[in-house]
Amino acid sequence: MTDVFGSSHKDVHEQVVFCADEQSGLRAIIAIHNTALGPALGGTRFYPYESEQAALADVLSLAKGMAYKNALAGLDLGGGKAVIIGDPARDKSEPLLRAYGRFVESLGGRYITACDVGTFSEDMDLIARESRFVVGRTLAHGGAGDSSILTAYGVFQGMRASAERVFGAPTLRGRRVGVEGVGKVGHRLVDLLREDGAEVVVCDVSEQAIERVKRRHPEVDVVADARELTGADIEVFAPCALGGALDDATVSRLRAKIVCGAANNQLAHPGVEKQLDERGILYAPDYVVNSGGVIQVSDEIGGFDMERARSKAAQIYDTTLKIFAIAAEEGVPPAVAADRLAERRMSEVGRIRGIWLGR
C-alpha cells in the first residue's frame with residue numbers, strides 16, 4: 001500500500017486528487033507535493049499502469065521530483081504531477097482529455113499541467129479548451145511547443161559540466177557516450193552530442209526511434225538493450241527512457257565515469273547514489289539536468305520567448321557545477337547535495353510568502 005501522507009516531512013504531499021469520468025474512460029491522479037514557491041507545475045503522463053497502486057506510487061514520486069526540480073531551476077513554482085491510466089495509442093480521445101482539463105481547472109490554479117510521457121503539445125491544446133492552467137501548448141496557440149528541445153539542451157549543459165569535473169574540459173568531443181532511449185528527448189541529445197564531436201552508441205525498445213537516429217547519424221552505433229549498453233566501453237551513460245535505470249546490478253556493471261541523462265527518478269532506490277559515489281562514478285542528479293523542459297514551458301506563463309528560456313536553461317551548466325562543488329565540500333554524493341540545495345531554497349524563499357501583504 002502506497003503511503004500517501006509519507007513517512008517523513010519531505011515525502012508529505014499537500015493534495016492528491018483522484019479523477020474519473022466513466023463515459024470518456026478517464027482515470028487520472030493529480031498529486032501536488034509542495035506549493036511553497038508557487039503553484040505546482042508538472043506534466044501529465046499517459047501510461048498503461050498495471051494497477052492503480054502503481055500509478056499512485058509513480059505520481060507521488062514524480063510530483064516530489066518536480067518540486068525539487070523547479071526549486072533548483074530558479075522558478076517561482078512548486079511541484080506537482082499527473083498521470084492518466086491507459087494506453088495513449090488506444091485510449092486517448094478528445095472527450096477524455098477535455099474531461100481531464102475540467103479536473104485541472106477545478107483546482108483553481110494550484111496545479112498547472114504540461115506534456116510528459118504519452119502526451120504532446122496538441123493534447124495540451126485540447127486540455128486548454130477546458131482549463132486556463134495549461135502550458136506546453138503548440139506554437140500556433142501561443143505556446144512553447146515541444147519541451148524536449150530545451151530538455152535535451154539542459155541535459156547537454158549538465159553533461160558538459162560533468163565532463164569538466166571528470167575530464168577537465170566542458171566538452172564531450174572524442175568521448176564515447178551511451179544514450180538509453182532515443183525518443184522525444186534522447187534523439188535531440190544525440191544531435192547535440194554529435195555536433196560537439198562525441199562518439200555515440202544508443203539503444204531503444206522502438207525500432208522506429210532507432211531508425212530515425214540512424215537516418216540522421218548513420219555513424220551512431222546501436223546495441224540490443226540497456227544491459228548491453230551499460231556494460232559497454234562508454235565514458236558517459238545517459239539514461240533517457242523511463243525511471244529506475246540505476247539499480248544495484250546496473251551500477252555494478254557500469255563502466256562509465258559519468259551518469260547524466262534526461263529520465264526522471266533514475267535511482268531505483270535510496271542508497272544507489274552512494275554506490276555510484278563509492279565506485280567513482282559522477283552522477284549528475286536527474287532533476288537538475290533535465291529541468292530545461294520545465295524552464296521552457298514555464299516561460300509561457302509570462303508570454304513565451306524562446307531565447308529567454310534558452311538563456312535560463314543554459315544556467316543548468318553552472319547549477320550542476322555548484323552542486324558538484326557542494327558535494328565535494330560536504331563529503332556527500334551530488335544527489336544529496338542537490339536535495340539540500342533545493343530544500344534550502346524552498347524553505348528560505350517559501351518563508352517569505354508568510355509575510356502579510358494586507359489583502
Side-chain angles (χ1 to χ4, degrees), residues 54 57-58 61 65 117 152 155-156 158-168 172-183 185-187 189-190 192-194 198-207 209-210 213-214 217 219-290 320 323-324 327-328 332-339:
D58 198 32
S61 177
V117 174
V155 172
F156 180 64
M159 201 178 288
R160 288 180 61 241
S162 303
E164 179 170 337
R165 187 78 183 183
V166 174
F167 305 128
L172 284 305
R173 180 169 297 279
R175 304 294 175 183
R176 189 161 176 81
V177 181
V179 181
E180 177 196 2
V182 285
V185 176
H187 86 275
L189 180 61
V190 171
L192 294 168
L193 289 167
R194 289 300 299 136
E199 298 177 13
V200 179
V201 55
V202 303
C203 72
D204 198 293
V205 296
S206 168
E207 286 296 328
I210 292 291
V213 169
K214 290 294 285 184
H217 306 287
E219 72 284 359
V220 166
D221 292 330
V222 179
V223 296
D225 52 32
R227 181 180 178 84
E228 184 176 350
L229 182 66
T230 52
D233 186 18
I234 56 176
E235 294 167 279
V236 181
F237 173 48
C240 296
L242 293 176
L246 298 169
D247 56 18
D248 297 344
T250 299
V251 172
S252 64
R253 184 171 59 246
L254 198 60
R255 300 171 67 182
K257 291 295 183 185
I258 293 169
V259 174
C260 179
N264 287 310
N265 300 329
Q266 293 170 21
L267 305 179
H269 61 80
V272 175
E273 72 282 359
K274 295 179 182 177
Q275 295 178 37
L276 289 164
D277 203 46
E278 289 167 359
R279 289 207 57 213
I281 300 171
L282 182 66
Y283 171 62
D286 50 45
Y287 70 79
V288 177
V289 302
N290 69 13
T320 306
I323 286 165
F324 292 155
V332 296
V336 175
D339 284 355

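What you see is a predicted model; the values in this text were computed from it and never measured.
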What heavy-atom pair brings [X] and [Y] nearest, and what distance separates the two atoms?
X: Ala337; Y: Val332; answer: N-CG2, 4.0 Å
X: Pro285; Y: Ala338; answer: CG-CB, 3.8 Å
X: Ile210; Y: Val182; answer: CD1-CG2, 4.1 Å
X: Pro334; Y: Asp277; answer: CD-OD1, 4.4 Å
X: Gly261; Y: Gln266; answer: O-NE2, 3.1 Å
X: Ala245; Y: Glu180; answer: CB-OE1, 3.8 Å

I need the [X] [atom1] to [Y] [atom2] distance, nearest 0.5 Å.
X: Arg160; Y: Leu192; atom1: CZ; atom2: CG; value: 11.0 Å
X: Ile281; Y: Leu254; atom1: CD1; atom2: CG; value: 4.5 Å
X: Asn264; Y: Cys240; atom1: CG; atom2: SG; value: 11.0 Å
X: Glu219; Y: Lys214; atom1: CD; atom2: NZ; value: 7.5 Å
X: Asp204; Y: His187; atom1: CG; atom2: NE2; value: 11.5 Å

Next on the checklist: Pair Leu246, Tyr283 - check side chain to side chain contact (heavy atoms under 4.5 Å, CB included), show working.
Outcome noted: CA-CA 10 Å; Leu246 298 169; Tyr283 171 62; 3.9 Å; yes
Next on the checklist: Quick check against the 3.5 Å criterion: does Asp221 have a side-chain atom that pairs as donor or acceptor with the backbone of Val201?
Outcome noted: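 No.
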Checklist entry - Just by distance, do the side chain of Ser61 and the backbone of Asp58 share a donor-acceptor pair under 3.5 Å? => result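 No; zero donor-acceptor contacts below 3.5 Å.
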Checklist entry - Run the side chain to side chain contact (heavy atoms under 4.5 Å, CB included) check on Asp248 and His269 step by step: do they pass? => result CA-CA 9 Å; Asp248 297 344; His269 61 80; 2.7 Å; yes
Next on the checklist: Assess the residue pair Leu267 and Leu276 against the criterion (side chain to side chain contact (heavy atoms under 4.5 Å, CB included)); give the C-alpha distance rounded to whole Å, side-chain angles, the decisive distance to 0.1 Å, and a yes or no.
Outcome noted: CA-CA 10 Å; Leu267 305 179; Leu276 289 164; 4.1 Å; yes
Just so I know, are the side chains of [X] and [Y] near enough to count as touching, which here means a heavy-atom distance under 4.5 Å?
X: Lys257; Y: Glu235; value: no
X: Leu189; Y: Phe156; value: yes
X: Ile258; Y: Arg175; value: no

Checklist entry - Can you list the steps and then say if Val236 with Ser162 is a side chain to side chain contact (heavy atoms under 4.5 Å, CB included)? => result CA-CA 9 Å; Val236 181; Ser162 303; over 6 Å; no
Next on the checklist: By the side chain to side chain donor-acceptor pair (under 3.5 Å) test, which pairs, at least two apart or in different chains, include something from residues 223-233?
Outcome noted: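 Every pair satisfying side chain to side chain donor-acceptor pair (under 3.5 Å) with a residue in residues 223-233: Thr230-Arg253.
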Item to check | Exercise: do Asp247 and Thr250 side chains pair donor with acceptor under 3.5 Å | outcome: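 A pair is found: one side chain offers a donor N or O, the other an acceptor, under 3.5 Å apart.
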Checklist entry - Out of Leu193, Val289, Thr320, which one pairs with Met159 under the side chain to side chain contact (heavy atoms under 4.5 Å, CB included) rule? => result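 Testing each of Leu193, Val289, Thr320 against Met159, the sole residue satisfying side chain to side chain contact (heavy atoms under 4.5 Å, CB included) is Leu193.
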